[in-house]
Amino acid sequence: MGRTRTVDREQLLDAAEAIIETSGAAGLTIDAVAKAVGISKGGVQYCFGNKDALVDALFTRWGASYDRLFAQTMAGSTDPVDAVRAHVAATRRTDEASAKSASLLAALAQTPEHLVSTRKWYRERIAKLDATTPEGKRARLAFLATEGAFMLRFFGFMDVDEAEWESMFDDLQQLL
């Protein structure tokens, strides 16, 4: 009979996010995660195998969080413009800690396998919009503006306080 698993996968992911926040993407190593939770490197490797699998798990975790917010707003709609509205709403509610971690992992997303999935995700988000109609054009513009606002704020390219953030997203909601 094997030993009872004592390594908590979520605790390891929490530690990985904390490392990224404090040390940047370059600081994320299997050894750093192990030290942060007080286990051996083998314990981290038992859960994830390698750093790429750890990064995949972080992307999956963040994606699931976004998907929950997105689905709440969509409420069963299949309208592509509603999908952009849901994207705007989910992005608006993104918490700063997750956004900082995600932005720092952007460097890791440049690996071919992550870049392919990221490009696919973006293409799917706007693929069903009818960009020949005024409504479709506004929705596409709102989607792109949402992504731009997110990246400017959370990559640290532009200081945006909470009031300005809310004002921008009010404007995006009105555009839609």
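Applying the salt bridge (Lys or Arg N to Asp or Glu O under 4.0 Å) rule to Lys128 yields no partners; only residues at least two apart in sequence or on another chain are considered. For Arg92, the side-chain hydrogen bond (donor to acceptor under 3.5 Å, both in side chains) partners at least two apart in sequence or on another chain are Glu166, Asp170. For Asp67, the side-chain hydrogen bond (donor to acceptor under 3.5 Å, both in side chains) criterion is met by no residue, not counting sequence neighbours. For Asp171, there are no salt bridge (Lys or Arg N to Asp or Glu O under 4.0 Å) partners, not counting sequence neighbours.
Distance check, rounded to the nearest 0.5 Å: CG of Asp56 to CZ of Phe48 gives 10.5 Å. One distance of note links CD1 of Ile126 with CD of Glu147; it measures 10.0 Å at 0.5 Å rounding. In this structure, the separation between NZ on Lys137 and CG on Leu175 is 13.0 Å, given to the nearest 0.5 Å. With rounding to the nearest 0.5 angstrom, the CG atom of Leu176 is 9.0 Å from the CG atom of Leu141.
In terms of heavy-atom proximity, Gly136 sits nearest to Leu129 at O-CD1, 4.2 Å. For the pair Ala145 and Leu172, the tightest heavy-atom approach, listed with the atom from each and the gap, is CB-CD2, 3.5 Å.
Remark: Arg140 does not engage Asp130 in a salt bridge, criterion side-chain N to carboxylate O under 4.0 Å. The residues Glu162 and Arg153 are annotated as salt-bridged, a charged nitrogen and a carboxylate oxygen being separated by less than 4.0 angstrom.
For the salt bridge (Lys or Arg N to Asp or Glu O under 4.0 Å) condition, the pairs that include at least one residue of residues 72-87, sequence neighbours left out, are Asp82-Arg85.
A ring-centre distance under 6.0 Å is not found for Phe150 and Trp165. For His87 and Phe70, the distance between ring centers is not under 6.0 angstrom.
In this structure, the side chains of Leu58 and Ile20 come closer than 4.5 Å at one or more pairs of heavy atoms. A heavy-atom distance below 4.5 Å is not found between the side chains of Phe143 and Arg138.
A side-chain donor from one of Arg93 and Gln72 sits under 3.5 Å from a side-chain acceptor of the other.
Proximity of a side-chain donor or acceptor of Thr73 to a complementary backbone N or O of Leu69 within less than 3.5 Å is detected. Not a single donor-acceptor pair under 3.5 Å links the side chain of Ser167 to the backbone N or O of Ala163.
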Subject >> Derivation and outcome, side-chain contact (heavy atoms from CB on, under 4.5 Å), residues Trp121 and Phe59 >> reply: CA-CA 12 Å; Trp121 185 89; Phe59 280 128; over 6 Å; no
**OP:** Please assess Asn50 against Gln45 for the test side-chain contact (heavy atoms from CB on, under 4.5 Å), listing each intermediate value before the final yes or no.
**Re:** CA-CA 6 Å; Asn50 58 37; Gln45 290 170 323; over 6 Å; no
Could you pull out every donor-acceptor pair under 3.5 Å between side chains of residues 24-40 and any protein atom, sequence neighbours left out?
| residue | atom | partner | partner atom | Å |
| --- | --- | --- | --- | --- |
| Thr29 | OG1 | Ala32 | N | 2.8 |
| Asp31 | OD2 | Lys35 | NZ | 3.2 |
| Ser40 | OG | Gly42 | N | 3.4 |
| Ser40 | OG | Gly43 | N | 3.1 |

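The number of heavy-atom neighbours closer than 6.0 Å to CG of Asp159, taken from other residues, nucleotides and ligands shown, is 12 or below.
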